[in-house]
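Let me begin by presenting the structure, written as structure tokens, before commenting on it.
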There are 2 protein chains.
Amino acid sequence: MAQGVPNRQSTLDEVAELAGVSRSVASRVLNNAPHVSRAKREAVARAVLQLGYVPNPTARALATRQTGAAALVVSGEDPSIFADPFFAQVIVGASAALEEAELHLMLCLAASDRGRRRVEQLLRSKGADGVMLMALREDDPLARMAEETEIPVVFGGRPVGLDPRWYVDVDNLGGARAATEYLISLGRTRVVTICGRLDTEVGRARYRGYQDAMLAAGLEPYPPEAGDFTESSGAAAMAALSARHPELDGVFTASDNMGAGALRTLRDAGRRVPADVAVIGFDDLAVARISDPPLTTVHQPVEGLGREMARMLVALINGQAPTPLILPTRLVTRASA
Amino acid sequence: MAQGVPNRQSTLDEVAELAGVSRSVASRVLNNAPHVSRAKREAVARAVLQLGYVPNPTARALATRQTGAAALVVSGEDPSIFADPFFAQVIVGASAALEEAELHLMLCLAASDRGRRRVEQLLRSKGADGVMLMALREDDPLARMAEETEIPVVFGGRPVGLDPRWYVDVDNLGGARAATEYLISLGRTRVVTICGRLDTEVGRARYRGYQDAMLAAGLEPYPPEAGDFTESSGAAAMAALSARHPELDGVFTASDNMGAGALRTLRDAGRRVPADVAVIGFDDLAVARISDPPLTTVHQPVEGLGREMARMLVALINGQAPTPLILPTRLVTRASA
DNA sequence: TGGAAGGCTGGAAGCGCTTCCAGTTTCAGG
DNA sequence: CCTGAAACTGGAAGCGCTTCCAGCCTTCCA
């Protein structure tokens, strides 16, 4: 039974003819639908093997009105922000979950105007069965449009200024609160924060968590110093804070990268960590383990975020009605606090 | 001219009817093909706007036999290897280049058997117009199959044991040689290497570069200590090498992560960098800038790799005959050497 | 042994778009 | 005012698959 490698792609018609059945029967066999006798089922299977037949996904998509693909769109102004390992992990999780549902993953980086227009087309033309949207900017037009479109959309994180129907988020507030509480429990009372961009929900939530913990402990929150989640911005913010509040003895930073930057500034300034200043980050990326000293941080289930987004989307595509999800975070203590 | 938001997706037939032309004419207008009078062109444009018409990509794909998508497949045994920021950068580059060609990006992580089978289907069913393949393992069945398939395939890096027709690679050999030469030029003569997995072309090439440089300088290359490109494997390898060759004064590691691990081991052992031991990494990832001391390393154009792969693929899809490409690397000197 | 129930089967009608082709206009040149 | 070329136009045939439906054939029970 030579597994033929035909020069031309063979079609279902050819399979049907070779098997001596009609195209409908052949189709039913391939989708293993009922109402086909055992004999014909086997005949078709043989023909498929003999011809090396592979169904044409496009034709199937046209007939079923299902593309067999889900899109992950990352919307932001700077394409290089995507180079963050964060997204790579989200993708790993999403990819695994989509694979279970036999869906392909389309990736759309909507940074340029052109990219955004293409995503818009995708949404309106139903070019995918569903979309996972991670909108980074405040008031993202794509986010608004996605909420209005017909096709299932799951948000990753809640965009500022929008209350999406379906989303998966990480407990940023709780994580930030826990981190700050931990610093306070260590006896630190002059705890500052290097917050992330406050035009993102992530930045806001993590800052709010800091505030909550401070107030709950009867401490006055310091005004935040903002960074953009990068190492260098963390270093700069730390310098500014040190100058403004030389008495500080604890820092909660809204990302590991900023935490690493803060460590660098403190080290350069000769301040010991954690003896003089305790530092806590957020994310639990590789950098937290590598930095010197290793960074105490808030772990967030990034791969889980991707996985749950994909699962929720699949549920939606299948006509179910899932509920929004907030994934837990957890403090990981290392040497820096 | 209300930009209608129809409840149902409108079709080309409806546009044609509203514009008072035949479907063929409407189609020609949309693809701006010739042989349409100015008047009808405008009538169709008006109708499109009025109905909020968006062409159905699936139907178009079926008719033209072009899917409008290119796939990036990463084939390896461990899905989490993809979480490496390396791939994220490749994706950024590829995505940008594909956008110019109006192609969508499909991402396939072929780690499980199931994933591999799906990629196989994709190749055989022409589910994409072309494929960029990054095969990590030696003797990857997918790589072999890809070379046999009809659809255009561009390799990212050359897989061991295969000499692909079209590929984009990075000058690993030259980079490794330059790094080692630099160590030697610094007066180091007892230079060891922590190489990557020798069942990958990357690992082999970088090791060969080290050997070449040592031999060219009249030095005896040390036997390599292998890691798997991760921080911890680098730390372990460094410990082993220190024990075996206490006299060593220079280390070339085949990745920044391993370099960071080596730094950690050296620091823990109380050996000063670069005073006692000079260390050089490879990749120029963020970790190289953050580590303590910052890592001298070999920069490779990762985003460029993705971009060039995509460009080559687009050329192939358009029937051109590009030539393989090897992108240059360059030494970035920081404090560790 | 008759008849109803129900499993099989294949014909045919799409899914929405492109594109070939033959027929119709238009228009410059004679 | 005629003729041929060039520009338009729309009908129709697909692209390869799914699925509805009507008809056929078993089968099994009364």
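Computed from a predicted structure; not experimentally measured. Residue numbering restarts at 1 for every chain, and letters A, B, ... go by the order of the sequence lines.
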Exercise. Roughly how bent is the helix from dT1(C)-dA30(D) to dG30(C)-dC1(D) end to end, in steps of 10 degrees, with each end axis from five pairs?
Worked result: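 What I find for the helix from dT1(C)-dA30(D) to dG30(C)-dC1(D) is an axis angle of 40°.
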Could I get a table of every N or O pair under 3.5 Å where one atom is in the protein and the other is in nucleotides 13-15 of chain D?
residue: dC15(D); atom: O3'; partner: Arg65(B); partner atom: NH2; Å: 3.3

Interatomic distance where [atom1] belongs to [X] and [atom2] belongs to [N] [whole Å]:
X: Arg38(A); N: dT9(C); atom1: CZ; atom2: P; result: 13 Å
X: Lys126(A); N: dC17(C); atom1: NZ; atom2: P; result: 13 Å
X: Leu12(A); N: dG16(D); atom1: CG; atom2: P; result: 11 Å
X: Arg41(B); N: dA7(D); atom1: CZ; atom2: P; result: 13 Å
X: Leu30(B); N: dG16(C); atom1: CG; atom2: P; result: 15 Å
X: His35(B); N: dT19(C); atom1: NE2; atom2: P; result: 13 Å
X: Asn32(B); N: dT19(C); atom1: CG; atom2: P; result: 13 Å

Whether [Y] and [X] form a salt bridge (side-chain N of Lys/Arg under 4.0 Å from carboxylate O of Asp/Glu) is what I want to check.
X: Arg46(A); Y: Glu42(A); value: no
X: Arg23(A); Y: Glu14(A); value: no
X: Arg311(A); Y: Glu308(A); value: yes
X: Arg307(A); Y: Glu100(A); value: no

Distances under 3.5 Å between protein N/O atoms and the N/O atoms of nucleotides 21-28 of chain D, please, pair by pair.
none

Exercise. So, does the side chain of Ser37(A) form a donor-acceptor pair with the base of dG7(C) at under 3.5 Å?
Worked result: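 In this structure, the two groups form no donor-acceptor pair.
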For this session: Answer with yes or no whether Ser24(B) presents, from its side chain, a donor or acceptor under 3.5 Å of a partner atom in the base of dG11(D).
Result: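 By the distance-only test, yes, there is a pair.
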For this session: Mind running side chain to side chain contact (heavy atoms under 4.5 Å, CB included) on Tyr167(B) and Val154(B) for me, showing each step along the way?
Result: CA-CA 5 Å; Tyr167(B) 64 86; Val154(B) 170; 5.6 Å; no
Exercise. Reckon Ser22(B) has a side-chain N or O less than 4.0 Å from the OP1 or OP2 of dG10(D)?
Worked result: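 Affirmative; the distance criterion is met.
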Problem set entry | Residue Lys40(A), side-chain atoms from C-beta onward, closest of dC17(D), dT9(C), dG10(D) |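 Shortest atom-to-atom distance from the side chain points to dT9(C).
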Exercise. How about Arg60(B) and Asn31(B): does a side-chain donor come under 3.5 Å of a side-chain acceptor?
Worked result: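 Their side chains do contain a donor-acceptor pair, which is all the 3.5 Å distance test asks for.
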For this session: Dump the intermediate steps for side chain to side chain contact (heavy atoms under 4.5 Å, CB included) on Arg158(B) and Ile326(B), then the final yes or no.
Result: CA-CA 10 Å; Arg158(B) 280 158 292 178; Ile326(B) 295 186; 3.8 Å; yes
For this session: Look at all strands and tell whether Pro55(A) reaches a base, only sugar-phosphate, or nothing, counting heavy atoms closer than 4.0 Å.
Result: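 Sugar-phosphate, no base atom in range.
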Is [X] reaching over with its side chain to a backbone N or O of [Y], donor-acceptor style, under 3.5 angstrom?
X: Thr67(B); Y: Asp129(B); value: yes
X: Asp140(A); Y: Leu142(A); value: yes
X: Gln9(A); Y: Arg124(B); value: yes

Exercise. Passes side chain to side chain contact (heavy atoms under 4.5 Å, CB included), Thr323(A) versus Trp166(A)? Steps please.
Worked result: CA-CA 7 Å; Thr323(A) 51; Trp166(A) 290 289; over 6 Å; no
Exercise. Just wondering, more than 12 heavy atoms not from Arg114(B) lying within 6.0 Å of its CZ?
Worked result: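 Above 12, so yes.
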